[in-house]
Amino acid sequence: MAPFEHLRAAVVGTGFIGVVHVEALRRLGVQVTGVVGSSPERAREKARTAVLPEPYDSFEAMLADERVDVVHITTPNRLHLPQARAALEAGKHVVCEKPLATSAAETAELLALAGERGLVHATNFNIRFYPQCLEARERVRQGAIGRVNLITGGYLQDWLLYDTDWNWRLDPAEGGELRAVGDIGSHWIDLVQFVSGLRVEAVMADLATVVPVRRVPVGPVETFSSGPSGETVDREMQTDDLAGILLRLEGGARAVMSISQVSAGRRNACTFEVDGATGAVAWSAERHEELWLGHRDAANELLLRDATLMSPLASRASVLPAGHAEGFADTFRALYASVYEAVAAGGPPERPDYPTFADGHDQAVIGEAILVSAREGRWADVRRR
Ligand code: SOE
């Protein structure tokens with residue numbers, strides 16, 4: 001019997017990421033008892049194009065299902081707090097998409113509640129689980145590049161470039177005040193803290209809205225779907241299309257990040273370079289099977305994902321042999337393989353090897369420093385309580 005075949009999960013949200021959660025769980029042998037859509041009809045509509053289990057009649061009906069051990073939340077950010085809170089109070093372990101919630105007060109509440117209930121809690125920072133990102137972390141941790149001095153890179157997309165591009169993330173009431181930075185900037189900052197082993201201590205942020213008015217379709221639109229086909233209404237925008245942020249990390253390291261959802265040709269381009277006293281590592285989601293190793297006194301190297309050449313941490317996240325490319329959806333499987341070890345054990349380990357609500361809360365606290373810095377035009381300290 002596969003290690004997780006006795007475990008059961010439900011997935012809330014039937015957008016494209018919700019389907020990725022369902023498929024990753026099935027690959028691990030977890031029984032997905034059902035999904036919760038914005039309505040059972042919309043969930044059934046989605047099931048026509050994706051192989052999904054039967055929809056529950058409601059979120060509450062799902063919580064009442066005693067078979068469900070774990071609830072995965074992939075709904076708009078506004079719903080993360082109430083849904084994660086209700087799931088924890090119903091005694092369910094929770095995997096919640098990032099950002100964990102829309103403020104540090106909300107993420108602190110979820111972290112405290114999960115701790116009180118002794119339940120497994122995970123924030124879906126899946127990009128950590130590209131094997132090359134895990135390998136980068138191990139090499140930095142083992143001192144392969146020496147003291148970290150500089151981290152550069154960012155996360156560029158183009159799916160919100162036009163004024164006809166719309167998504168719930170563009171409505172602060174649904175997505176929160178930080179939009180591009182909250183949505184993909186949180187991935188980048190979490191990833192570089194994970195790879196470098198260093199925490200952000202202060203930020204200097206410049207945010208910009210470069211599409212001041214958008215033509216909002218009348219009716220629901222799925223993430224990454226193409227422009228509207230029907231009636232639209234014009235709406236003024238306030239949230240960040242792009243950001244340039246300087247960061248100071250522990251030990252004096254500096255970081256420079258670019259975040260954008262209006263960069264033509266960059267569909268989902270997350271990149272980092274970590275420059276140390278004796279070497280460097282760099283990775284790009286557009287060439288995700290490669291890890292670049294920079295040297296001063298030798299030829300640079302390009303390590304293609306190969307479990308026989310990588311650390312145990314990275315090899316564990318690899319399923320296919322070298323040369324048989326894995327990708328975005330595989331990172332969800334690798335993440336849940338770690339999370340469900342904890343679920344199978346009945347609760348979180350002392351030191352989880354997956355991102356928890358504590359990591360989601362850390363991103364919310366950093367996000368608040370980014371908002372203060374952008375509003376007041378100054379460096380802002382990250383205030384971790
Ligand atoms: C949209 O920006 C999005 O789907 C994010 O919400 C995901 O977290 C990211 O991995 C891909 O792009």
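In each ligand, atom 1 is the first atom listed, and ligand 1 is the first ligand listed. Residues take their numbers from the sequence shown, with the count starting at 1. Not measured: the values here are computed from a predicted model.
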Atom indices of ligand 1, in the order listed, that fall short of 4.0 Å to a heavy atom of Y155 = 9 (C), 10 (O), 11 (C)
Distance-only, no hydrogens or angles: does the R305 side chain make a donor-acceptor pair with backbone N or O of L320 under 3.5 Å?
-> yes
Measure the shortest side-chain to side-chain distance between R147 and T278 over non-hydrogen atoms and say whether it is less than 4.5 angstrom.
-> no
Atom indices of ligand 1 within 4.0 angstrom of F16 heavy atoms, with elements | 4 (O)
Give a yes or no on whether a salt bridge exists between R214 and D171, defined as a side-chain N under 4.0 angstrom from a carboxylate O.
-> no
Using a heavy-atom cut-off of under 4.0 Å, does the side chain or the backbone of I184 touch ligand 1, or both, or neither?
-> side chain
Distance to 0.1 Å, residue and atom name: give those for the protein heavy atom nearest to atom 1 (C) of ligand 1.
-> D183 OD2, 3.4 Å
Donor-acceptor pair, S263 side chain versus L156 backbone, under 3.5 Å?
-> no
Decide whether an N or O pair under 3.5 Å exists between R169 and ligand 1.
-> yes
shortest atom 7 (C) of ligand 1-to-protein heavy-atom contact is with K98 NZ, 3.8 Å
Angle class for the H187/F125 ring planes (parallel below 30°, perpendicular above 60°, tilted otherwise)?
-> perpendicular
Taking the six-membered ring of W379 (Phe, Tyr or Trp), confirm whether the NZ or CZ of R248 is under 6.0 Å from its centre and within 45° of its axis.
-> yes
Distance to 0.1 Å, residue and atom name: give those for the protein heavy atom nearest to atom 3 (C) of ligand 1.
-> F224 CE1, 3.8 Å
N268 contact mode with ligand 1 (heavy-atom cut-off under 4.0 Å) | side chain
With heavy atoms only and a cut-off of under 4.0 Å, state how F125 meets ligand 1: side chain, backbone, both or neither.
-> neither
Under 3.5 Å, is there a donor-acceptor pair linking the side chains of Q193 and D362?
-> yes
heavy-atom search around atom 12 (O) of ligand 1 in the protein gives Q157 NE2, 3.0 Å
Looking at F272 versus W188, is the centre-to-centre ring distance below 6.0 Å?
-> no
Contact region, Q261 to ligand 1, non-hydrogen atoms below 4.0 Å, reads side chain
